[in-house]
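Residue numbering restarts at 1 for every chain, and letters A, B, ... go by the order of the sequence lines.
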Amino acid sequence: MTAPDFSAKNNFIREMVAADVESGRYGRGVATRFPPEPNGFLHIGHAKSICLNFGIANEFGGRCNLRFDDTNPFTEDIKYVNAIKEDVQWLGFTWAEERYASDYFEQLYEFAERLVTNGKAYVDSASEEAIRAGRGTVTSAGTDSPNRARSPEENLDLLRRMKAGEFADGAHVLRAKIDMAHPNMIMRDPLLLRIRKATHYRRGDAWCIYPLYDFAHGLSDALEGITHSLCTLEFKDSNDIYKWLVHEMGFVNPPEQTEFARLELDYTIVSKRKLLRLVNENHVKGWDDPRMPTIAGLRRRGVRPEAIRAFADTIGVARKPARTELATFEHAVRDDLNMEVPRVLCVVKPIKVTLTNYPEGQVEELDASYFPHDVPKTGTRKVPFSRELWVDRDDFMETPSKKFYRLAPGREVRLRYAYFITCTEVVKNEAGEIVELLCTYDPATRGGDSPDGRKVQGTIHWVSAARALDCELRMYDRLFTAADPEAGGDEADFISVLNPESLVVVSGAKIEPSVGADAVGSRYQFERTGYFVSDPDSKPGSLVFNRTVTLRDSWAKVAAKG
RNA sequence: UGCCCCUUCGUCCAAUGGCAGGACAUGUGCCUUUGGAGCACAGAAUGGUGGUUCGAAUCCACCAGGGGCAACCA
């Protein structure tokens, strides 16, 4: 079990675990588990839980299992198992053991027989509707099912025949015999087993009765010797049945469940059901679409696992349901990438610059550092410089506003790593659109410094027109226009608040040739633009980069103020 | 309307009966061969009312507000 780093931040769970370790409460080492259902891809919300569970185990010298909570044959698939394993590993964690709730079906069945024998469970043959109606409401007690009085012998017979496959789906269920008037709805004779004549992705057709979450979860924890079962707030009410079951089955020092608030992130959804809908309805290009909050999506987006872990640490763990601002996440991503990735030059919206006093046909190879002075990494590459260049359209204004420091008629600026240039003429087409800028360069400023001490206010990026490579830039933005896409209730149509500009494809961007042969997945900062990663779709000759996140842009604020 | 949980700067998280602190965000300035990064400074909070106490964000009561629970999902 390893975890590369863990939270230095205090939270109520770590304190509880520390106290339990101190008191020797469980009589065994700390054991946690991360228990996803393999019915979808892991997302940023799961990452919080993963960091918590593995982090706690790591900090206290314990172990953390990866357990697939695969008790519903209708929804689960091996492809999700594989994706989940890949994602957990990519995040940097190693599980103590790989477990499957479906491996406990035999054991759980034995528990079921024992409950029946002890008069603590019964087979209910009522319809789904009748069972629901009998449960009562939040303000009124339920009513006992007529089958509640069945003898243990009859129940055992029915249960065995359920297991043997004698009955159709829905004909019978096994229910715990607790209290149909219990104030906690969960405790009104909760269902334990249901019949599903379905092929399970791991167990095949070996079983036709499947445990429900409440039956399987706590007992699975107990079977694995888990000490601290950490889950999200929506399982709060399940804690009662959890305790009831591990007690009835006689576990000594059973695991105990503690709930914490799940992650909610602005402009993001973390409901697997809804993410599945985005995939199925082709609102995104798959589970790993870079706009998805899935681990696979974030990975393709260019986010590093270090950033996700740092983010999890930043947001902390508490019981209060809370939404986190997207800026908090973006900060974690930038903060990580800033210290890690090389800088290169890429012109997003090219406009031609011709240096009228630069010799035709001449090409210089200029030294350019991969990292700025404040990043403790080294490395340089050569960037070709020539008479015709591309610069970004947004770096020129014909009539510059007051605080615009970039290129303008008569204005001198620095070309990063290269020369000072001065714009002498603006060339327009018949429609009056600017098509080219004629500039002069100062040969004495090679490298970017003027021997006479002359200063310029702006430094802009550029590439050699003769040597630049064409590339496609996929500019990703938030997937939703609403901070809370799920506001307004479960059935509100979150599809309607999809951001139509969540992906803007820029073709014809120009990038320096040094990146031409880099591997897929290479990350960069395109200077003054943002962090990018080369996409799996990228090939030599048709380069594709995903924008991971923009740079902070204080000019945008100034410009917006006018 | 029953049960349960929650309520601290704009946001997230600390402070566990003893100076309400950090991060993000925001603003200002410095610095800068990225309008990046960094540095400095600033503003910014204990939902309300009572009570206990020398002392309450913390304990108690009530109120208000928010959330979860009535799938043969997890």
Side-chain angles (χ1 to χ4, degrees), chain A residues 9-12 15 35-37 39 69-72 74-76 124 127-128 131-133 135-142 169-170 172-175 181-188 191-196 210 212-214 216-217 231-240 259 261 266 272-273 313-332 334-335 338-339 343 345 368-369 372-375 403-406 414-418 420 445 447-449 456-461 525-531 550-559:
Chain A
K9 200 163 166 178
N10 205 17
N11 65 57
F12 75 100
E15 290 207 352
E37 183 189 12
N39 66 345
D69 221 338
D70 52 356
T71 57
N72 182 356
F74 289 169
T75 56
E76 296 153 4
D124 197 345
S127 70
E128 193 171 338
I131 289 174
R132 188 176 307 133
R135 196 144 31 217
T137 70
V138 291
T139 52
S140 61
D169 287 17
H172 307 280
V173 291
L174 184 72
R175 301 180 72 176
H182 198 106
N184 179 354
M185 296 293 295
I186 295 268
M187 295 296 272
R188 320 247 261 225
L191 275 60
L192 269 21
L193 291 168
R194 81 287 215 187
I195 300 170
R196 286 200 164 170
Y210 291 90
L212 280 110
Y213 169 85
D214 281 324
H217 201 90
C231 66
T232 46
L233 252 23
E234 65 268 28
F235 296 105
K236 178 70 191 171
D237 290 344
S238 289
N239 208 340
D240 285 347
E259 310 83 19
D266 278 353
K272 260 198 267 184
R273 187 172 58 79
D313 187 34
T314 298
I315 60 175
V317 177
R319 275 191 231 263
K320 176 178 62 166
R323 294 191 73 79
T324 297
E325 291 178 342
L326 204 51
T328 307
F329 179 67
E330 293 186 341
H331 170 80
R334 289 190 191 103
D335 197 43
N338 177 46
M339 299 305 277
R343 274 63 171 171
L345 302 177
S369 172
H373 61 93
D374 52 1
V375 172
K403 289 188 175 164
F404 187 79
Y405 298 154
R406 288 112 91 148
R414 175 189 295 109
L415 294 180
R416 180 89 159 140
Y417 310 121
F420 286 10
T445 58
D449 279 312
V456 289
Q457 263 190 309
T459 299
I460 65 174
H461 58 283
Q525 184 195 105
F526 293 175
E527 293 213 30
R528 305 206 310 129
T529 301
Y531 293 96
T550 61
L551 254 29
R552 284 185 75 223
D553 187 356
S554 52
W555 160 243
K557 286 175 195 163
V558 173

Legend entry - B:A37 OP1/OP2 closer than 4.0 Å to side-chain N/O of A:Arg552: yes
Legend entry - Atom pair distance, as rounded to whole Å: CG in A:Asn11 and P in B:G22: 20 Å
Inset, instruction - Establish, with yes or no, whether the OP1 or OP2 oxygen of B:A74 is under 4.0 angstrom from a side-chain nitrogen or oxygen of A:Asn39. - result: no
Inset, instruction - Output yes when at least one side-chain N/O atom of A:Arg273 is less than 4.0 Å from OP1 or OP2 of B:C73, else no. - result: no
Inset, instruction - Please determine, for B:C69, whether a Watson-Crick or G-U wobble partner exists with both distances under 3.5 Å, and give it or none. - result: B:G2
Legend entry - Protein-nucleotide distance (A:Glu527, atom CD; B:U34, atom C1'), rounded to Å: 5 Å
Inset, instruction - Give one of base, sugar-phosphate or nothing for A:Leu191, where a contact means two heavy atoms less than 4.0 Å apart. - result: base
Legend entry - Same-atom distance (P) from B:A44 to B:A37, integer angstrom: 26 Å
Inset, instruction - Give the nucleotide from the list B:C3, B:C5, B:C12 with an atom nearest to the side chain of A:Lys236. - result: B:C5
Legend entry - Sugar-phosphate only, base, or nothing, as touched by A:Thr529 at under 4.0 Å among non-hydrogen atoms: nothing
Inset, instruction - Check whether any side-chain N or O of A:Ser140 sits under 4.0 Å from OP1 or OP2 of B:U1, and answer yes or no. - result: no
Legend entry - A:Thr328 vs B:A23: side-chain N/O to OP1/OP2 distance below 4.0 Å: no
Inset, instruction - Please tell me which of the listed nucleotides, B:A25, B:C73, B:G38, lies nearest to the side chain of A:Asp374? - result: B:G38
Inset, instruction - Compare all side-chain heavy atoms of A:Leu212 with those of A:Arg194 and state whether any distance is below 4.5 angstrom. - result: yes
Inset, instruction - Nearest whole angstrom, please: distance from the C1' of B:A74 to the CD1 of A:Ile186. - result: 11 Å
Inset, instruction - For B:G66, take OP1 and OP2 only and decide whether either is under 4.0 Å from a side-chain N or O of A:Arg323. - result: no
Legend entry - Residue A:Gln525, side-chain heavy atoms: nucleotide from B:U34, B:G27, B:C72 that is nearest: B:U34
Inset, instruction - Please determine if a side-chain N or O atom of A:Arg194 lies less than 4.0 Å away from the OP1 or OP2 oxygen of B:A74. - result: yes
Inset, instruction - Take atom C1' in B:A14 and the same atom in B:C9, then report the distance between them in whole Å. - result: 13 Å
Legend entry - Chi angles and distances behind the side-chain hydrogen bond (donor to acceptor under 3.5 Å, both in side chains) call for A:Glu259, A:Asn239: CA-CA 9 Å; A:Glu259 310 83 19; A:Asn239 208 340; 2.9 Å; yes
Inset, instruction - Between B:G66 and B:U32, how far apart are the C1' atoms? Round to whole Å, please. - result: 46 Å
Inset, instruction - Select one nucleotide: of B:G35, B:U1, B:A14, the one nearest the side-chain heavy atoms of A:Thr139. - result: B:U1
Inset, instruction - Kindly say if A:Arg334 contacts the phosphate of B:A37, meaning a side-chain N or O under 4.0 Å from OP1 or OP2. - result: no
Legend entry - Whole-Å distance separating the CZ atom of A:Arg319 from the P atom of B:A57: 22 Å
Legend entry - Side-chain N or O of A:Lys320 closer than 4.0 Å to phosphate OP1/OP2 of B:U8: yes
Inset, instruction - Could you check how far CG of A:Leu345 sits from P of B:G36, rounded to whole Å? - result: 17 Å
Legend entry - Nucleotide opposite B:U28 in a Watson-Crick or G-U pair, distances under 3.5 Å: B:A40
Inset, instruction - Taking atom C1' in both B:G47 and B:U58, compute the distance separating them and give it to the nearest angstrom. - result: 16 Å
Inset, instruction - Verify the stacking flag for A:Phe235 against B:A74: centroid separation must be under 5.5 angstrom and the ring planes must differ by under 30 degrees. - result: no
Inset, instruction - Please figure out whether A:Asp214 or A:Thr137 has its closest RNA chain B nucleotide nearer the 5' end. - result: A:Thr137
Legend entry - Side chain of A:Lys557 - closest among B:G27, B:C4, B:U1: B:G27
Inset, instruction - For A:Leu233 and B:C5, give me the distance from atom CG to atom P, rounded to whole Å. - result: 11 Å
